[in-house]
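Here the structure comes first, spelled out in structure tokens, and everything after it is commentary.
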Amino acid sequence: MLAHLPILQVILPFLAAPICLILRKPKLAWLFALIVSAAALAVSGLLLQQVYAGGVISYELGGWAPPWGIEYRIDLLNAYVLLVVSSLATIVLLGAHTSVQKEIEAHKQTWFYSLYLLCFAGLLGIVATGDAFNVFVFLEISSLSTYALIALGRDRRALWAAYQYLIMGTIGATFILIGIGFLYMMTGTLNMNDLAMRIDAVESTTTVLAAFGFIVVGTSLKLALFPLHLWLPNAYTYAPSMVTAFIAATATKVAVYVLIRFLFTIFGESYSFGRHPLAEILIPLAIIGLLSASTVSISQPLIKRMLAYSSVAQIGYIVLGIGMGSALGLTASLLHVFNHAMMKGGLFLALAAVTYRMGGSEIGHMRGLARTMPLTFWAFVLGGLSLIGVPLTVGFVSKWYLILAAIELGWWPIVIVVLVGSLLAVLYVGRVVETGWFGEPEKPGRNEAPPSLLIPLWILIAANFYFGIDTRLTIGVAENAAAWLMGGGSGL
Amino acid sequence: MSANLALILALIVPLVGTVVIALLGRWPNIREAATMITAISLFACVIRVLIGYTSGEAIGIEVVTLYEGLSISFNTEPLSILFAMIASGLWIVTSVYAVGYMRGAGEKNQTRFFTCFALSIFAAMGVAFSANLLTLFIFYEVLTLATFPLVTHKGDDKAKAGGRTYLGILMSTSILFLLPAIIWVYALTGTLDFAQGGILAGTIGPAASTVLLALFLFGVAKAAVMPVHSWLPAAMVAPTPVSALLHAVAVVKAGVFTLIKVVIYIFGTEFLIDVPLESIAVYIAGFTIVAASSIALMQTNIKRLLAYSTISQLSYIVMATMALAPFSEVGAAMHIAAHAFGKITLFFAAGAIYVAAKKTEVGQLNGIGRRMPITMAAFAIGALSMIGVPPTAGFVSKWFIIAGAYQLENYFVLAVMVVVTALNAAYFLPIIFNAFFKPEDQAPAKPHGEAPWTMVAALATTAALTLLFFLFNEPVLELEYSIVGGKS
């Protein structure tokens, strides 16, 4: 059983997805989905433990040895990302039933859970597999289910947002496929490890360069790097609250993982950064994205949209760390992948609670929240502090490492950019907090969200502080994974 | 109880107090009793730490390791003991005062007020006992956030605007300047622990250390060096007890305390003397002293006048610290205490005048000394201490600051001290004179006497402290000499 964990990780939610449809009753489907995702979470916990204990796990699908068969390869990096994805998916799902009941039409609710699991399986598959083509397959599975999930939103604009994302996402996926095809053409293999070894011999060819370009642009589209982020604000804004919380916490993170995997494991750090001006391209884009998206979010009347733009900005931080091409920078990026998942997951859940009670998440709905929904309000405040990067929160840990990495390289302007970014975060978070604290509520009196929404919300908020103080797990994993990706260390 | 336990309790007691006060909102009298019990037990803990320190007990706790070489830990040394003593001791007096003020002025949301107050004191204790810069930074930020609801207590547009300036300046400076400065130090040395003699020597060039010093000087906006001072006048929209304890003592002293710690235990005075442009910091502080006093001269609102006087007085401490002579460092430490006693008395008096007579402007004070003799006598003592006239506390610290100026033959410092004494006299003496010797412009609609007795008792106590500190400063002086390696 334990030997089959890598495939169980993916197959469990994958098989459970259609079963949800058979269950018909939304509440039953929700319970079932919750149990399945909790099981997936347990599996990823065990996987991380196994990797820690015994090193890299290689699982041969159907007993076919790599590079001929498909290999699932779990090292420290993807064990960590698997854990991030499955824990966030489970926590969000915990509160899904309450919110979905209100936001999605009754006959579509079982579909929601089915699609949710499918998307979840796709994301886990992308991360777990050691096969480049498999990445594309799972990418499509997760993307297609995401489009459908977004389109479940009651607002008619959700359809349009889903369509927009469909077009952009498909272009991205196609680019990735073309890139993988070129690599296969040159090396004759799809296994990532094998690819990494064989690519050295052909790395000076234009075909590999083209593959490199296609893959970088394709993944940048999926992870919403400026200026390829245009799909994200609409998708996050018009999707049902729970869908937003789920994809904001997981989907872009997985895309970041794909980028890191291709850049560092397959192409190798010296090819990606030594041969090509990748840093010179990624870093300016990250900076522009970071500053412009933060600025734009300050004036958003729709708080969901404000947080969506903030996500684009946070992607900027992550890409900035990758672009530095140093172990410390990569550590900062990996830290922020996890940390940002926690803060944005928490903040979007807070908005889900507001939407549940107030019927929307415009700035007007936040008025007087401190009195009408104090627990939700304080969760938002604390999550916002984490987003700003106040000490003792995870946001501070990421920021600390990112600045440390920039100082190590002597890149002082980057230090300033990062700091200005958090200052802008003070402005956009502060605006909401001020409205909630000083504003007069439309209907006075307590109107707190139900416990089913508050519990997952506060789990994530507590995590923001727990992992801001006890950093052994996150920093330990990120440091080791980064050292290993840079070609040193053991991967443990 | 061991001194180590007392140190732990000095942090836990105000935190527990915060929670208890918040829970007792329905019973105001028990709630206020909780505040008093918390304040008194906190002060007892701090005294126990002091006794432990002077008798040479090992004191230090590590709470949790955050990252490599960095932890949240606490210990104590003469400066931190002094700061903690003042903040916790005056909290007792302020609590007595605040009960009278909040009820007398009929303020709303009193539970929130007393809760945030206790939380702010907790943060101040954290700042005081930090064993490294990271711990200090954490509590520095907590102090900013915990005082925000106090500043905006009234909740009207004026309070909101004041709150924006307050949070805006304190947050932006700490993020833009202080945080990178701290991370920079860590990148250079691999540690952030406060150590006698500093940790930076030999790791950083002269030009870079000038930049680093500037980042600290402006990053610690709580010290209110110009041009990052404007949050302090903005904070005057808060109820007077907040202005008195937090914006004359705990918050602003946390700022100058941080700067002294950085100069002595991070840079090291000997290392800083060799930094070529270091004296610019002295000039900036000197400029702030004179400029803020000149602005104070033009203020018509009592609290704003006191705020600008605070900005000026804080820069005494900054200037003395940056002057780097042994006497100046001692003078800086002494002025933390001296200014605290005098300024809290002045604010208490201003609050008492507001509650008893509803007066807030300097021009309305004619003849008020006859209706409120105790209050105005206390005001006079506080004002004399600001000017630095014996027998008040202000004279003691001024003595050392000027002695330090001679020690390094720094005539700029000397000149500033002379000019500012004149300026202080120019804006405080007329108030006192008018209050006692001019007739009232018109009789008040409702004749009034002194404010509620709790307020009068509090301001009489702090006025007495201002006088007593002049006479009995020897123990404090002995203690503070050790920050510069003993009397020499």
Side-chain angles (χ1 to χ4, degrees), chain A residues 328 331 335 368 370-371 374 381-382 384-385 388-397 399-410 412 414-427 429-431 433-435 437-440 466-472 474-476 478-479, chain B residues 63-72 109 112 123 126 133-145 148-149 152-157 159-161 163-164 166-188 190 192 208 211-212 215 219:
Chain A
L328 208 52
T331 307
L335 274 172
R371 271 166 287 168
V381 172
L382 295 176
L385 289 179
I388 293 167
V390 169
L392 298 186
T393 63
V394 290
F396 183 70
V397 181
K399 201 145 293 171
W400 180 277
Y401 269 81
L402 200 57
I403 293 177
L404 204 58
I407 291 182
E408 186 198 51
L409 293 172
W412 292 98
I414 303 284
V415 176
I416 297 171
V417 167
V418 174
L419 296 170
V420 169
S422 23
L423 213 55
L424 293 170
V426 173
L427 289 178
V429 172
R431 189 177 63 115
V433 173
E434 204 186 69
T435 314
W437 181 252
F438 293 110
E440 279 302 321
Y466 180 80
F467 290 105
I469 295 168
D470 182 0
T471 54
R472 281 171 301 183
T474 48
I475 291 183
E479 263 179 351
Chain B
V63 180
V64 59
T65 304
L66 287 180
Y67 349 115
E68 210 185 326
L70 284 183
S71 59
I72 296 182
N109 296 324
R112 186 177 82 200
L133 255 183
L134 182 69
T135 313
L136 194 150
F137 181 69
I138 291 168
F139 284 95
Y140 181 95
E141 295 290 63
V142 174
L143 189 55
T144 307
L145 296 173
F148 177 73
T152 58
H153 186 82
K154 279 215 161 78
D156 52 10
D157 284 340
K160 233 158 73 171
R164 273 191 191 168
Y166 184 76
L167 206 59
I169 292 186
L170 289 182
M171 278 293 246
S172 58
T173 49
S174 73
I175 289 176
L176 279 182
F177 307 132
L178 184 55
L179 180 61
I182 292 173
I183 301 180
W184 193 3
V185 171
Y186 177 71
L188 288 169
L192 287 174
V211 177
L212 185 60
L215 284 178

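Chain letters run A, B, ... following the sequence lines, proteins first and then strands; every chain starts at 1. Predicted model, so just to flag it, every value in this text is computed and none were measured.
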Worksheet item: So how far is it from A:L402 CG to A:I414 CD1, rounded to the nearest 0.5 Å?
Response: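 Nearest 0.5 Å value for the CG-CD1 distance: 8.5 Å.
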Worksheet item: Quick one: CG on B:L134 to CD1 on B:I182, what's the gap to the nearest 0.5 Å?
Response: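 Rounded to the nearest 0.5 Å, the CG-CD1 separation comes to 7.0 Å.
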Item to complete: Return the set of residues passing salt bridge (Lys or Arg N to Asp or Glu O under 4.0 Å) with A:D470 (not counting sequence neighbours), or none when no residue passes.
Response: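 So A:D470 forms a salt bridge (Lys or Arg N to Asp or Glu O under 4.0 Å) with A:R472.
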Segment of [X] engaging chain B (4.5 angstrom heavy-atom cut-off):
X	result
A:I475	side chain
A:L404	both
A:L427	neither

Worksheet entry | B:L145 versus chain A, the contacting section by heavy-atom distance below 4.5 Å | side chain
Worksheet entry | Region of B:L167 that comes under 4.5 Å of a non-hydrogen atom in chain A |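 Interface part for B:L167: neither.
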Fill in: Candidate pair A:W400 and B:L70, rule side chain to side chain contact (heavy atoms under 4.5 Å, CB included), full reasoning
CA-CA 12 Å; A:W400 180 277; B:L70 284 183; 3.2 Å; yes
Item to complete: Could you have a look at A:V415, A:V397, A:I388, A:V418 and say which one has the most heavy-atom pairs with chain B under 4.5 angstrom?
Response: A:V397
Practice prompt. Report the residues that fulfil side chain to side chain contact (heavy atoms under 4.5 Å, CB included) with B:S71, sequence neighbours left out, ordered by chain and then residue number.
Written response: B:E62, B:T65, B:S73, B:N132
